[in-house]
Structures are given as structure tokens and as C-alpha cells.
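Every chain is numbered from 1 and lettered A, B, ... according to where its sequence line falls, protein lines coming before strand lines.
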Amino acid sequence: MLSKLNDPQREAVKYLGGPLLVLAGAGSGKTRVITHKVVHLIEQHGYDPKHIAAITFTNKAAREMQERVSGLLEGKPSKGLTVTTFHSLGLQILRAESQLLGYKPRFSILDSADSFKVVADILATTDKQLLKKTQWRISQWKNDFITADMALNQAEEEFDHAAAKVYQLYQQALKAYQAVDFDDLIRLPVELFEQHRDALHKWQLKLRYLLIDEYQDTNACQYKLVKQLTGPEGMFTAVGDDDQAIYAWRGADVENLRQLTTDFPNLQVIKLEQNYRSTVRILRAANTLIANNPKLFEKKLWSDLGIGDTIQINPAKDEEHEAEMVAMKLLAHKFEHRTRWADYAVLYRGNHQARLIEQQLRTQKIPYTVSGGQSFFDRAEIKDLVSYLRLIANEDDDPAFIRAATTPKKGIGSTTLERLGEYAAQRHVSLFEAAYEPGFQNSMGKKQVEDLTTFCDFINRMQQRATKDPAGELLQDMLSAIQYEAFLYDSEEPRAAETKWGNVMDFIGWMTRKGEAEETNLLQLTQTVALMSMLEGREEGEPDAVKLSTLHAAKGLEFGHVFLIGVEEGILPHHSSTAAGTDVARVEEERRLMYVGITRAQKSLTITYCRKRKRSGDWEQCEPSRFLDELPADDINHAGKISTTDPELRKAQKASRMANIRAMLEG
DNA sequence: CACTCCGGGATTTTT
DNA sequence: TCCCGGAGTG
């Protein structure tokens with residue numbers, strides 16, 4: 001098995017002498033190292049799979065890794081092996097230790113929309129900007145492992161002070177709801193382990209070897225968790241690439257990479273520099289560009305895949321022309337090289353840039369898929385159902401109570417809910433509990449009380465069944481009881497209702513299958529659902545189509561031929577990163593973004609930018625990105641850079657183009 | 001007064 | 001695409 005690895009890869013797989021950091025350049029086979037190491041630990045060192053945990057950031061990465069490990073094990077058992085995301089691991093820990101933190105095991109998980117509503121309730125405003133900003137600030141504090149009290153003490157600016165107060169109330173609300181948000185899934189285990197050494201030891205014994213993917217994306221909390229779990233011995237392998245750190249804006253801290261070297265003086269560092277993806281020219285471009293960033297660890301990618309095509313840089317008159325150009329070039333290239341649509345990707349900085357490209361691809365009848373898109377579990381119809389499940393699992397979950405009580409409409413109106421809310425707050429009980437209290441019931445009309453108790457009784461009945469009946473059966477019964485299908489067709493266009501109902505059926509099918517396969521009950525599944533973004537297996541049978549993606553979403557992917565569009569000052573680097581007084585680190589992150597874009601390409605790279613662009617009504621001149629000047633002149637063909645009618649210069653241009661072609665032929 | 005329709009503008013995203 | 005704000009309408 002080890003023979004399929006190159007020297008540093010093999011070394012990384014075999015090294016068990018202590019903490020190991022693998023600096024894995026783009027396309028250098030990092031997943032291969034992690035998967036082989038898992039298998040190596042099991043087969044060569046007798047590790048019980050249940051003592052190994054591989055941790056990723058996304059479900060997709062976890063799924064891929066799991067599949068590849070299973071493939072390598074060729075059917076041999078890997079029972080108990082943990083391959084999950086940070087958040088799922090946190091959930092697993094919280095579930096097991098919930099009572100130590102004063103939570104019941106069936107706590108709810110609030111997604112960002114839910115937590116937004118909680119913040120909105122506290123601030124009692126509809127100012128979305130302010131709410132977003134506050135929610136984001138709270139999240140930042142949580143990721144930095146700063147409590148509400150600490151935040152309040154540290155707050156210097158007025159905004160921070162106000163936000164810290166919201167933070168306090170927010171935490172109180174969550175506790176009352178017996179709910180945690182995404183950040184808590186990491187933060188609370190860390191807090192727990194700080195306070196309960198015995199619980200920590202138990203988990204240290206369980207997870208004896210950790211492998212962490214995309215280490216450069218960890219935030220302070222995640223790093224703390226890793227450090228706690230591995231203990232002073234540091235039996236772990238962290239795999240990352242500081243040059244691909246593009247998530248500083250959401251709390252990821254590359255400093256964690258440096259921190260490793262100080263926290264673990266015996267840290268072994270192995271670099272993976274051989275790239276199995278791109279041609280020499282593409283890698284030279286990537287290397288020279290990123291050389292402009294300060295380096296944590298010196299690293300230079302190389303490949304033996306041949307010199308490859310020159311990198312094309314094409315200016316366009318304007319955005320529309322750019323889109324047209326990309327479509328035409330793509331078409332010509334496909335025709336000439338007999339490639340598949342899926343060999344192409346168009347990458348950009350901001351989502352809106354996809355619009356014009358989409359338009360062009362449509363008119364040219366080129367099939368495409370756009371990255372991102374809203375996730376399956378975020379759809380309203382799914383969240384409706386999940387709110388019922390959450391309430392059944394945890395009757396303290398007031399946000400779920402409100403949604404379930406009002407969708408579909410069942411005679412419970414906003415006034416009733418408001419009064420219920422006031423009463424519940426006064427008595428310090430949940431909405432659900434308050435609904436049954438005589439004190440509340442006596443103050444309300446007969447019909448209101450009846451409608452509320454009918455609803456609560458229904459939830460009660462479902463609770464009774466949830467622990468014993470099969471998930472599928474219960475869900476079916478629930479749907480017919482609340483008449484959800486009729487509700488959809490009443491409130492939506494027939495077409496929309498049909499798709500939504502289809503989604504509901506998909507959801508039920510998924511839950512049923514999951515429930516059977518993993519022998520978990522419906523209520524545990526409800527927690528898992530909160531962490532899912534895409535329906536598993538949805539991407540299967542992916543059609544042959546050009547991929548449109550933001551640079552962020554493209555990380556980890558590779559394409560034969562890449563178009564990088566809108567490479568202008570103000571877009572890449574984005575103007576918010578270059579404004580006066582902005583930290584240079586911001587431009588460095590933009591540079592890494594460009595680096596990520598370049599290193600997605602296997603065989604060819606085409607960069608485009610606009611000479612002018614429409615901005616608030618009138619045309620504005622655009623400057624080509626500073627990053628273009630940081631590419632190696634020998635490897636690029638900057639079309640029309642010397643914009644001149646001077647025949648001498650034109651001749652020179654042509655000569656250089658010919659030189660490029662010759663170099664290409666030789667390489 | 002509230003609602004709808006249209007045009008313009010836009011960081012990046014996961015759990 | 002989605003979201004926001006301004007103008008226009010019932």
C-alpha cells in the first residue's frame with residue numbers, strides 16, 4: 001500500500017513519533033496521506049478503528065474521506081472509526097456529556113436563521129444590517145472562546161458594548177430553549193473539558209489518534225479542542241496549507257499553524273511539494289504569485305507533468321464582452337480538444353459575477369452548474385417539518401414551538417403567542433409548558449386555549465411514540481395529521497407545491513433510511529439534520545457541465561481548464577481589502593484566493609479582466625489586478641497589453657507570441 | 001398608508 | 001441570483 005506514495009507522503013503516513021504537521025501544497029495528495037495513514041494505523045500498528053478520528057470541515061470532505069478509507073480497507077471492518085466534521089464531533093461529545101453542562105441530551109441545534117431570530121427578538125428591531133452585524137460579532141467572540149461576561153468587560157467601542165449585552169441575553173435564551181448554536185457545538189465541549197478533567201480523560205482514551213484536515217481553517221476554539229483531545233503527547237497529524245488559508249474573515253486563524261510549533265516543541269513538519277495536478281507553467285505562476293506573501297514555512301510546488309500551455313490573460317471591453325469571450329473561448333477550446341464540459345470551470349470572486357456568464361452559456365447552449373445554491377435542509381418545507389421534530393425532541397425549544405404552532409395555520413395567532421410568550425417569560429417556563437398552566441389558560445378565550453392544547457396534546461402524543469416507533473411511520477402519520485400536503489397546495493402555486501412536496505417525500509425517505517441504517521432514533525436524527533447541508537448522494541450522476549464557482553467554493557476541486565474572470569483591482573483584490581487603513585493581511589488573503597484559483601487548473605488557465613465596468617450608472621475605468629504583475633512574464637501571454645498601433649511594437653508582440661508557441665511545442 | 005413592481009448593486013460560506 | 005430602496009398605485 002505504501003508503495004503508491006511518494007517519499008514525503010510515505011514518511012508522513014509512517015511517522016508516529018509524536019505530533020506531525022503535514023504542509024500539503026495544492027494538489028499534493030493530502031487526502032491520500034490522511035486516508036492511507038488511517039489504514040496504516042489500523043493494519044500496521046493494530047489501532048482499533050474506534051480509537052481513530054479524522055476530522056474535516058465539511059460533510060462532503062468527511063464523506064469522501066470515509067469512502068476512500070473504505071476503499072483502501074477493501075471490505076475489512078472499520079467499525080467505530082470516526083470520520084466527521086468538527087461540528088459533528090462536538091455534537092457527539094455534547095450528547096454524551098450534556099448533563100454536565102446543564103443540558104438535556106435532546107437539546108436543539110439552532111441554525112443561523114434561528115439564531116438570527118433570537119438576536120432580532122432581543123434587539124427588538126428589524127434593522128437587518130444591525131442584526132447581522134451583532135450576530136456576527138457574537139459568533140466571533142464564541143469562536144475566540146470569549147464568554148459574554150468577558151466580552152462585556154473588554155468592550156471598548158460602543159457597538160461592542162451593546163453587542164456583548166445582546167450576547168448575554170442570547171446565551172440565556174439559548175439555555176432556556178435548551179438549544180445550542182453552531183459555534184456552541186465546538187465551544188461547549190471545550191468549556192466542558194476545561195471544567196471536567198475526568199470527562200476529558202475519557203475522551204482522550206477514546207480518541208487516541210487524531211487526523212485533522214484543512215488545518216489552516218481552524219479557529220481558536222477548534223484548535224483548543226484539538227489540543228485538549230490529543231493531550232500533551234500530541235498523537236495527531238494535522239494537514240494544512242497556509243497558502244490556501246482563505247477563511248480568516250470567518251474566524252479561521254493561520255496563527256494556529258505557528259502555534260503548533262510552540263505548543264508542541266517536538267512537532268515534526270513534513271512538506272508535500274510535488275503537485276500531481278498542474279503543468280509547470282501553472283505552478284510557476286502560483287509559486288511566483290504567492291512568493292509575494294510572507295511565509296510561515298517555505299514551500300515550492302513542482303510537477304513533472306510538462307511545461308504546458310502559456311497562461312492567457314485577456315482584457316475585455318466590459319463585463320458583457322468578458323462573458324462573451326469566455327463562452328467563445330470555451331467553445332473553441334472544447335471543439336479543438338474534444339474535451340468534456342465538466343473539464344471546464346469559470347471562477348470568480350463574488351457570486352453576482354456568475355450572472356452574465358450564465359446568460360452567455362445559456363445562449364450558447366453550454367450546460368453548466370453553479371456552485372453553492374441553497375441547501376436542501378434550508379428549504380422552508382424541510383425546516384417546517386424539522387421544527388416539529390425539534391419540538392417533539394425538546395419541548396423547551398421555543399423557536400421550534402412558534403414555527404410548528406403556526407405552520408400550517410391551526411388557529412393559533414400572533415396575539416395568542418404574544419400573550420403566551422409574556423406569561424412564559426414571567427413564569428420562567430417554556431411556551432409549551434406555559435400553554436398548560438391554569439394561570440395562562442384562565443386569562444385567555446376558550447377557543448384560543450382549545451387550539452393551543454390541541455396542538456400541545458398532539459406534540460405530547462408524538463413524544464410518546466418517538467422513542468419506540470420507526471421513524472418513517474411516525475413521520476408519515478405526523479404529515480397526515482398536520483395535513484401538510486394540503487397546506488402546500490393551498491399556499492403555493494401548483495408547480496411549486498409539487499416540488500416542495502417532492503422535497504418532503506425525499507426528506508422522509510432520507511430520514512427513514514438513515515434511521516434504519518444507523519439504528520438511531522428519530523430524535524437523535526433531528527440533531528444530525530441540523531448539521532447537514534446537502535442531501536447525501538444528491539450530487540450523484542452529476543451531469544457533464546461547465547462548473548461556475550466562487551473562488552472560495554472551488555477550494556479542493558480541480559479542473560482541466562480554468563477561466564479566472566474579473567481579475568481587476570477592486571474585485572480581486574476586493575476593494576474592501578485594499579481601502580486605506582486596511583490591514584495588509586487582507587490583501588494577502590486576496591492573493592491566496594488568487595493562488596487557490598490558479599492551482600485549480602490542471603492543463604490550462606485563462607485569466608480575464610475588464611477595461612471598464614458599469615458602476616452606479618456610468619462607466620468606470622478598471623485597472624487590471626496588481627496580482628497580474630506578480631505572475632512570471634515568461635509563462636504568460638497578456639493579449640493586447642501593449643495597446644498600440646505602432647507597427648514595430650506589434651511585430652515585437654507577435655514575436656513574443658511565437659516564442660511562446662515555440663516554447664510550448666518544445667515543452 | 002401599505003403594497004407591488006422595477007432597477008441597480010453586490011465580498012467570500014459551513015456547520 | 002437575491003435583496004434593498006424608490007416610485008407608483010389602489
Residues forming a side chain to side chain contact (heavy atoms under 4.5 Å, CB included) with A:Pro367, sequence neighbours excluded: A:Trp341, A:Ala545
Report yes if a donor N or O on one partner sits less than 3.5 Å from an acceptor N or O on the other, where the partners are the side chain of A:Ser112 and the base of B:dT15; otherwise report no. yes
When rounded to whole Å, the CD1 to P distance for the pair A:Ile109 and B:dT14 reads 18 Å
Counterpart residues, salt bridge (charged side-chain N to carboxylate O under 4.0 Å, His left out), relative to A:Asp160 (two or more places apart): A:Arg137
Ring of A:Tyr344, cation from A:Lys547 - is the NZ or CZ under 6.0 Å from the centre and inside 45° of the axis? no
The correct set of residues in residues 175-189 of chain A placing a heavy atom under 4.0 Å from DNA chain B is A:Phe182
According to a strict under-4.0 Å criterion, is A:Asn351 in side-chain N/O contact with OP1 or OP2 of B:dT12? yes
Whole-Å distance between B:dT12 P and A:His352 NE2? 7 Å
Is A:Thr85 near enough to B:dT14 that one of its side-chain N or O atoms lies under 4.0 angstrom from OP1 or OP2? no
Between A:Glu194 and A:Lys224 (salt bridge meaning N to carboxylate O under 4.0 Å), is one present in this structure? yes
Mind checking salt bridge (charged side-chain N to carboxylate O under 4.0 Å, His left out) for A:Arg277 and listing every partner two or more places apart, or none if nothing turns up? A:Glu558
Enumerate, atom names and distances included, each donor-acceptor pair closer than 3.5 Å involving a side-chain atom of residues 236-246 of chain A, sequence neighbours excluded.
unit_1, atom_1, unit_2, atom_2, d
A:Thr237, OG1, A:Lys37, NZ, 3.0
A:Thr237, OG1, A:Tyr209, OH, 2.6
A:Asp241, OD1, A:Asp243, N, 2.9
A:Asp241, OD1, A:Lys299, NZ, 2.9
A:Asp241, OD2, A:Gln244, NE2, 2.8
A:Asp243, OD1, A:Lys295, NZ, 3.1
A:Asp243, OD2, A:Lys295, NZ, 2.8
A:Asp243, OD2, A:Lys299, NZ, 3.0
A:Gln244, OE1, A:Arg600, NH2, 3.2

Find the distance A:His552:NE2 to B:dT15:C1' and express it as a whole number of Å. 16 Å
Going by ring centres under 5.5 Å and near-parallel planes (under 30°), is A:Phe57 stacked on B:dT15? no
Closest to side chain of A:His87, choosing from B:dT12, B:dT14, B:dT15: B:dT15
Provide, to the nearest angstrom, the distance between the CD atom belonging to A:Gln92 and the P atom belonging to B:dT15. 17 Å
Is any side-chain nitrogen or oxygen of A:Asn59 closer than 4.0 Å to OP1 or OP2 of B:dT14? no
Of all the choices, B:dT15, C:dC4, B:dT13, which nucleotide is nearest to the side chain of A:Lys128 once you look at every atom? C:dC4
Sequence-distant partners of A:Asp184, salt bridge (charged side-chain N to carboxylate O under 4.0 Å, His left out), two or more places apart: A:Lys142, A:Arg187
For A:Glu589, check side chain to side chain contact (heavy atoms under 4.5 Å, CB included) against everything at least two apart and list the hits. A:Ala248, A:Trp249, A:Arg592
Could you tell me how far apart A:Lys142 (NZ) and B:dT15 (P) are, to the nearest whole angstrom? 18 Å
Distance, rounded to the nearest Å, where A:Arg63 contributes CZ and B:dT15 contributes C1': 14 Å
Can you check whether A:Asn219 has a side-chain N or O nearer than 4.0 Å to OP1 or OP2 of B:dT14? no
Salt bridge (charged side-chain N to carboxylate O under 4.0 Å, His left out) partners of A:Glu214, counting only residues at least two apart: A:Lys30, A:Lys555
Going by heavy atoms closer than 4.0 Å, what residues in residues 569-589 of chain A are next to DNA chain B? A:His574, A:Ser576, A:Arg586
Could you tell me the separation between the CD atom of A:Gln353 and the C1' atom of B:dT12, rounded to a whole number of Å? 11 Å
Could you state the CD-P distance from A:Gln129 to C:dC3, rounded to the nearest angstrom? 13 Å
Any chance NZ of A:Lys104 has more than 12 other-residue heavy atoms, nucleotides or ligands included, within less than 6.0 Å? yes
